[in-house]
Amino acid sequence: MKRKKLLVFLACILGIQAMAKTGNLRYEDFLLRDTSRVIHGTLDNGFQYYIIKQPVNHLQMSLLQKTGCYDDETTEISHFLEHMMMTANRVMATGDTLRSYLNKLGMDYGKDFNAYTTPNYMKFDLYGLKPELARADSCMDILSDIAGGASICTMDIEEQRERLLNEVSNRNYTFYSRVMDSFEAVFKFGHNPDEWRKMRLEGVRSITQSQLETFYRKWYHPQNQCLLVSGNIPEGVEDMIKRKFGKRPAIPTPASTTIDYNKNDLVIERHGKAECKIMLLMTQPLLTQSEKENIKLFRDCFALEKGCNTLRDNMMKNRNTAFSSTINCQTLERLTLEMDFACNINEEEADGGFLALVDSVTAFLHNVKNNGVQVSMPIDTLKKKTVVAHRVKAMKKLQEGDGRDNSIALMQFDGCFVYSLPLYKKEDTDAYWSYVLSGKDVSNYFKKFINKSAMKIECILPYDYPEKEITEKLKSLLRQYNN
């Protein structure tokens, strides 16, 4: 009798365990459904919006525009167009110039309204708004005007051209901007940084008003746009969005191109510090849309983040006094892992100790590549019955909960729209995988990630440090891991 009960009990446990692993969980079960804090909608014309409710005393609005800039032969055209949408003398649909309209609202042209351009999108921001419906209505007119039917002010083109030329040129003298530009030039476009800067400047000099207008008509359509409204949200904002952005028809546009990384895999940059920095970027292939809409994405993100956090903790515990290190991962158009190492000049070493840093990084990477990370998960330490109970509870919360007690990071929403990523129940999702994956599962995934990734290296040296030897060592490291 006891044996029969034991067999029945084991069968139940195995049945529950199997259910928890497959569990008829759907992709939709992981998605955030908490409309008390976040509302995500798509209008009939394809225009998207996120309303993010936060316990603050102000309001912020942002228009996101997927630019398609890689599909145009003229470099910097999307950046130039961003400037022209922001020019003070541009006449809005209301008949006001942008500057005079902002002044009517008591807003500072250069402070309360700003914009920037990235390789994948433009963003127009209105900051620090009073959370009043009438105020929100007036401010939203600025963004709806940019979104469709905007004019370009001819009299401001040359002034903005000069500003843009100065902006591109001056980035060479700002360390962070120069490094970012070098990364993009070498890894995305296959040019050396000086070449790429010259191409950008030539692009700015050659762009005509006709080209700007053509680019605007080609890409500024509802299905390429999204409005983020965050902060203290007055009642009626969602209806306002539908009224202001829902009337324009969706016009077919080409699919924008996501530039994959170039085959070039090494950048050497310089700075004025007596320090060497080495960044290893491990990249997976671009995610397809079907991969972004699959439960496996959540599993992989959890395993990568868990392995990353474990490795970071180990680095902190076993910190080498000769160099400092950090490690981070992210998911945008692909899964990536970044490892940063830095050391100061060691005056007792002929090479400043920089070559020893490369050797240490090589040994570290070799260990992770072969051994993964040593992770302890609940499955490894708790009784099976306890693990199954937690797993079933976590699965139920995924299937039935709306994710209200999950934290929301504002930066998620830009990526969700631009890269068509899901807004999901982060803590609830992590709780589920915590009771599904073992330490070996995580370690194997992390090891596989390192082995299957393409690696790129960005090295930053002091201005007067000879780069030949360290370049040879870094190229040797790349050959080991990219062949």
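Just so we're clear, the structure is a prediction, and the values are computed from it rather than from any experiment.
Geometric assessment of Lys306 against the ring of Phe446 yields a negative cation-pi assignment under the 6.0 Å and 45° thresholds.
Annotation: salt bridge (charged side-chain N to carboxylate O under 4.0 Å, His left out) contacts of Asp194 (sequence neighbours excluded): Arg197. Partners of Phe47 according to the ring pair (Phe, Tyr, Trp, His ring centres under 6.0 Å) rule, which considers only residues two or more places apart in sequence or in another chain, are Phe245. With sequence neighbours left out, the salt bridge (charged side-chain N to carboxylate O under 4.0 Å, His left out) criterion links Arg200 to Glu76, Asp181. For His271, the ring pair (Phe, Tyr, Trp, His ring centres under 6.0 Å) partners at least two apart in sequence or on another chain are Phe175. A search for ring pair (Phe, Tyr, Trp, His ring centres under 6.0 Å) contacts involving Phe183 returns Phe187, not counting sequence neighbours. Annotation: ring pair (Phe, Tyr, Trp, His ring centres under 6.0 Å) contacts of Tyr435 (sequence neighbours excluded): His390. Residues satisfying the side chain to side chain contact (heavy atoms under 4.5 Å, CB included) test with Gln289, not counting sequence neighbours, are Lys292, Glu293, Ser420. Under the side chain to side chain contact (heavy atoms under 4.5 Å, CB included) criterion, Arg270 pairs with Leu461, Tyr463, Tyr465, Glu467, not counting sequence neighbours.
Side-chain atoms of Ile268 and Leu474, non-hydrogen and from C-beta on, do get closer than 4.5 Å to each other. Using a 4.5 Å heavy-atom threshold, the side chains of Glu167 and His83 count as touching. In this structure, the side chains of Phe215 and Thr74 stay at 4.5 Å or more apart for every pair of heavy atoms. Contact annotation: the side chain of Trp219 never approaches that of Lys66 to less than 4.5 Å [non-hydrogen atoms, C-beta and beyond]. In this structure the side chain of Asp265 never reaches within 4.5 angstrom of the side chain of Ile457, judged on heavy atoms. No side-chain heavy atom of Val186 sits under 4.5 Å from any side-chain heavy atom of Glu458. For the pair Arg391/Tyr432, a side-chain contact is recorded, criterion being any heavy-atom separation below 4.5 Å from C-beta on. Looking only at side-chain heavy atoms (C-beta outward), His366 and Tyr481 come within less than 4.5 Å of each other.
No donor-acceptor pair closer than 3.5 Å links the side chain of Ser443 to the backbone N or O of Gly439. In this structure, Asn482 contributes its side chain and Met455 its backbone to a donor-acceptor pair below 3.5 Å. The main-chain N or O of Gly401 is found under 3.5 Å from a side-chain atom of Arg33 such that the two form a donor-acceptor pair. Not one N or O on the side chain of Asp380 forms a donor-acceptor pair closer than 3.5 Å with the backbone of Ser376. The backbone N or O of Val204 sits less than 3.5 Å from a side-chain atom of Arg161, completing a donor-acceptor pair. Using a distance-only test at 3.5 Å, with no hydrogens or angles considered, no donor-acceptor pair links the side chain of Thr67 to the main chain of Ser78. Without hydrogens or angle criteria, Asp29 side chain to Leu398 main chain gives no donor-acceptor distance under 3.5 Å.
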Just do the side-chain contact (heavy atoms from CB on, under 4.5 Å) check on Arg312 and Thr326 with the steps written out, would you?
-> CA-CA 7 Å; Arg312 186 190 301 122; Thr326 59; over 6 Å; no
Could you please spell out the steps behind the side-chain contact (heavy atoms from CB on, under 4.5 Å) verdict for Leu304 and Thr331?
-> CA-CA 10 Å; Leu304 180 61; Thr331 306; 5.6 Å; no
side-chain contact (heavy atoms from CB on, under 4.5 Å) between Leu59 and Ile233, worked out = CA-CA 7 Å; Leu59 189 67; Ile233 309 293; 3.6 Å; yes
side-chain hydrogen bond (donor to acceptor under 3.5 Å, both in side chains) assessment of Ser438 paired with Asp441 = CA-CA 5 Å; Ser438 67; Asp441 292 331; 3.1 Å; yes
Step-by-step ring-ring contact (aromatic ring centres under 6.0 Å, His included) determination, Phe298 to Tyr424 | CA-CA 9 Å; Phe298 304 121; Tyr424 68 103; 5.0 Å; yes
Starting from the C-alpha separation in whole Å, work towards a yes-or-no answer on side-chain contact (heavy atoms from CB on, under 4.5 Å) for Thr362 and Gln480.
-> CA-CA 10 Å; Thr362 303; Gln480 291 180 48; 4.2 Å; yes
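Taken to the nearest 0.5 Å, the CE atom of Met180 stands 4.0 Å off from the OH atom of Tyr176. Distance check, rounded to the nearest 0.5 Å: CG of Asp300 to CG of Leu287 gives 9.0 Å. How far CE of Met282 is from CG of Leu280: 7.0 Å, rounded to the nearest 0.5 Å. Atom CD of residue Glu159 and atom OG1 of residue Thr87 lie 6.0 Å apart, to the nearest 0.5 angstrom. Atoms NE2 and OG, from His191 and Ser182 in turn, are 13.5 Å apart once rounded to the nearest 0.5 Å. Rounding to the nearest 0.5 Å places NZ of Lys440 at 15.0 Å from CE of Met377.
Looking at every heavy atom in both residues, Leu81 comes nearest to Leu212 through N-CD2, 3.8 Å. The heavy-atom pair separating Ala147 from Tyr216 by the smallest distance is C-OH, 3.7 Å. Minimum interatomic distance between Ile278 and Cys459 (heavy atoms only, all atoms of both residues): CG1-SG, 4.2 Å.
Note: Phe341 and Phe364 have perpendicular aromatic rings, judged against thresholds of 30 and 60 degrees for the angle between ring planes. The aromatic rings of Trp196 and Phe189 sit parallel to each other, their planes meeting at less than 30°, with 60° as the upper class boundary.
Each side chain to side chain donor-acceptor pair (under 3.5 Å) pair with one or both residues in residues 110-120, not counting sequence neighbours, appears once here: Glu82-Thr117, Asn120-Tyr419. Judged as a salt bridge (Lys or Arg N to Asp or Glu O under 4.0 Å), the pairs with a partner in residues 402-429 (not counting sequence neighbours) are, in order, Lys123-Asp414, Glu305-Lys426, Lys397-Asp405, Lys397-Asp428, Lys426-Asp430. Pairs passing the salt bridge (Lys or Arg N to Asp or Glu O under 4.0 Å) check and including a residue from residues 468-483, sequence neighbours excluded, read Asp359-Lys473. Counting only residues at least two apart or on different chains, no salt bridge (Lys or Arg N to Asp or Glu O under 4.0 Å) pair has a member in residues 364-374.
Asn367 and Asn371 share a side-chain donor-acceptor pair at under 3.5 Å. No hydrogens or angles considered: nothing links the side chains of Arg163 and Asn166 as a donor-acceptor pair under 3.5 Å.
Counted within 6.0 Å of NZ on Lys456, heavy atoms from surrounding residues, nucleotides or ligands total more than 12; the atom is thus considered enclosed. Within a 6.0 Å sphere centred on NZ of Lys273, heavy atoms belonging to other residues, nucleotides or ligands number 12 at most.
Each of Asn344, Asn346, Ile470 was scored for a side chain to side chain contact (heavy atoms under 4.5 Å, CB included) with Phe354, with one residue passing: Ile470.
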